[in-house]
Amino acid sequence: MLKRLALAAASLLVGCGGGGGSGGSLSISLSPNPLTTTFQQWDGPKQLVINGHLDGPSPSGPFVILVTFTGDAFQPGATTVNLVSQSDATAFLDTAIGLPAGDHSGSIQVQICGDPSCSGTVYASGSLPYDITVQPNPVLTAAPTPTVVTATMYQGDTPSWNAMFTLQGTPVAGTSTLATGSDPAGLVLFTVNGQAGAPVVGSTFPVTVTAAPNLSPGEHTGAVQVLLCRNSCTQVYSGTTTLPYDITVIPSTNLTPLGSLSGAADWQTLNGNAAHEGYVPVTLDATKFTPRWLWNAMPPNGVVGTVDIKGPVTAANDVIIAEVDQTGSQGAESRLLALQEKDGSVAWQQSVDSGPGAANVSPPGIAAGKVYIAETPDSNLTVPGAISGSFKAFDATNGSPLYSVPVNGAPAAPTNGFNPPAISAYPTPINGSMLQDFQGWYTGPNQASYNFFFHNFDDSSGAAGNGPACLVALEQGNTSQDVFPVPLLPTAAVDSANNAYFVFSGAVLVANYGASGSCKSIVPNQSSSSTLQSDSAPVLVAGNSDVLVRTSAGNLFDYDTVNSKLKWSASGSFAGNPTIAGNVVYIANTSPYQVEVRDEGDGHLLWAWAPSGKGESMFAATMIATNNILFVSTDQQVYAIDLASHRPVWSYSHPGALAISANGILYIARGGMGFVNLSPAIVSDGSLAAINLH
């Protein structure tokens, strides 16, 4: 096949030499002969040069120089010819773009003609063979760990999975190595260090595979094609690197008939009950876990993250949350909302407050068929003694308001007033009443301090009850409030004997709300390295009246309240509330990053578990223990850890606060209200997921 490369106007040669006629007396010699070169594929295209010399007199009239070739080694139309003298010319030929590795040979013909197509007079011609060898680029591949991404996800989610690649071979020195990848099937997205392509530092590089949106239910298989390259990825190494994947998508809805789960009860308050154990005495089969429904708050302005979910708690066949829209047109708006367990539809909803300050609403608590919350205004409280709020009760079956009790009071007023109070505690049921904290921060003339006001309200009428007289350290005209001039944790714990357990600086306080009205404090041993300045709720150990408390310094204390002493302590960087199941304690540690399982008798470590491959950095919510499975939320997803094998047997690709209902439904308030130091560990995305556990 003859291909035209270039035409060179040769009118400059007119009149040079004596007339040439038909070209029979003329010839062209070409060099180098043969034309040969060798280069690596990524060094192309190459520019090659041939020189032509006209032997004999030049043509008497205008002429052109035509260069053609056989084969596919050169770019058509990319050759130029320069006239050097009366009888010499130089041609520049560019090899084809993307010329494959291998041997490429053929011939190049140069003609001097009287017309551009050489269909008339041909004055002279010459040819030379060429032989171009393209060598493959250096081989550089990478081996992935894991070798295959095998995962299960729920329809509508876009989870991510991490892998680590290790280079196989040595990169060419002098330029940085880059990695990039794509999925021909378009089922997953591939990033390196969070980018579409990124430099490889050292011999390994991490990648993230993210499911494409709207994958249909079923099994999806394929492989990401990974390129290793250099010079802004204009030069690609030889070798094949792939990351196969096998992703199973489970339908997002499975509305199986509701049925009670033997051993499970309503989730009433923080960690399920007044003891805050976080223990549900059931045995579960992880192969039966399926998503039941997903509810989204749908914020008015359509911006994800403007709705905060607090809770959830459960009652009969409903799940109840406090929902706060933080960007409503009139300011924040708070709602109490009940969703039907069977399908996630709204059973009832009740506006709690709107305008400035409505975000200061507590998580809900539930007892005796009623739902309770507390709220405080966020107005500019500059008047001494103006700390105020309300405690509200609603019918759990239909949401109708039952009562709203104003709460007022403060310690002796400092001269420069009060900052706005805040709600951060669950209501806790106790002996026909509910304990609820209101907290205010004030600055006195010479100090700054917190004061926490614990109120107990009759759960049928809302009437204020009298707290144990020994607790009323500072009385402000309301005998229902227990006022402490030192920091306490806002959520108290309660046992079956109506003892309430409070945590404050340096001690655990046990107060009886029954007939005795007695109270006592347990102070840490002098050998303890830190006082009990705590920001976790007390957790009661069933059967022996021990109390577990995490200190704000990150240590774990176990108090023997019968003998009024510190039983044991463990040093660490613990976060969140401990969970207790029988004589086993579960607690999250942030350094080292792991869940620790300890013996409640003496605190020694039984075993530990740490997530891998998801880039987690914190634990997002308190754990739930069952007879055979521990539910753990990190800041990335929820895991079900088998207590026998210490391995995950199920996961859900969104984190959040956890609850389990009497009907065996696991609730995940996605992204919201997991507590680390009593602050949300992650921002709520305004959705609630229901997972069938049986």
Looking at A492, is its backbone amide N or carbonyl O close enough to the side chain of T428 to form a donor-acceptor pair, meaning the two atoms are under 3.5 Å apart? yes
Y639 ring center within less than 6.0 Å of W609 ring center: yes
Under the 3.5 angstrom rule, does the side chain of T269 hit a backbone N or O of P427 as a donor-acceptor pair? yes
Can a donor-acceptor pair be found between the side chains of Y426 and N271 at a distance below 3.5 Å? no
Using modelled atom types and a 3.5 Å cut-off, is there a donor and acceptor pairing between side-chain atoms of H694 and backbone atoms of G259? yes
Got a second to check how far L509's CG is from Y501's OH, nearest 0.5 Å? 11.0 Å
Between R670 and D157, does any NZ, NE, NH1 or NH2 come within less than 4.0 Å of an OD or OE carboxylate oxygen? yes
Do you know the tightest heavy-atom contact between G572 and N555? N-OD1, 3.3 Å
Could you state the interatomic distance from CG (L666) to CD1 (I660), rounded to the nearest 0.5 Å? 5.5 Å
Main-chain N/O of G603 paired with R598 side-chain donor or acceptor, under 3.5 Å: yes
Using the ring of each side chain (for Trp, its six-membered ring), is Y652 parallel, tilted or perpendicular to W650, with breaks at 30° and 60°? parallel
Between the side chain of S573 and the main-chain N/O of G554, is any donor-acceptor distance below 3.5 Å? no
Would you call the rings of F165 and F190 parallel, tilted or perpendicular, taking 30° and 60° as the class edges? perpendicular
Would you find a donor on one side and an acceptor on the other, under 3.5 Å apart, between the side chain of T622 and the backbone of G576? no
Under 3.5 Å: donor-acceptor pair, side chain of D602, backbone of H604: yes
Given L540, which of V547, L548, N499, T561 fulfils the side chain to side chain contact (heavy atoms under 4.5 Å, CB included) condition? V547
Rounded to the nearest 0.5 Å, the OH atom of Y667 sits from the CG atom of L688 at a distance of 7.0 Å
Hydrogens and angles aside, do T290 and N692 bring a side-chain donor and acceptor to less than 3.5 Å of each other? yes
For side chain to side chain donor-acceptor pair (under 3.5 Å), just list the numbers for N663 and S260, CA-CA rounded to whole Å, side-chain angles, deciding distance to a tenth of an Å, and then say yes or no. CA-CA 4 Å; N663 286 322; S260 61; 5.4 Å; no
Any Lys/Arg nitrogen of E341 or R292 sitting under 4.0 Å from an Asp/Glu carboxylate oxygen of the other? no
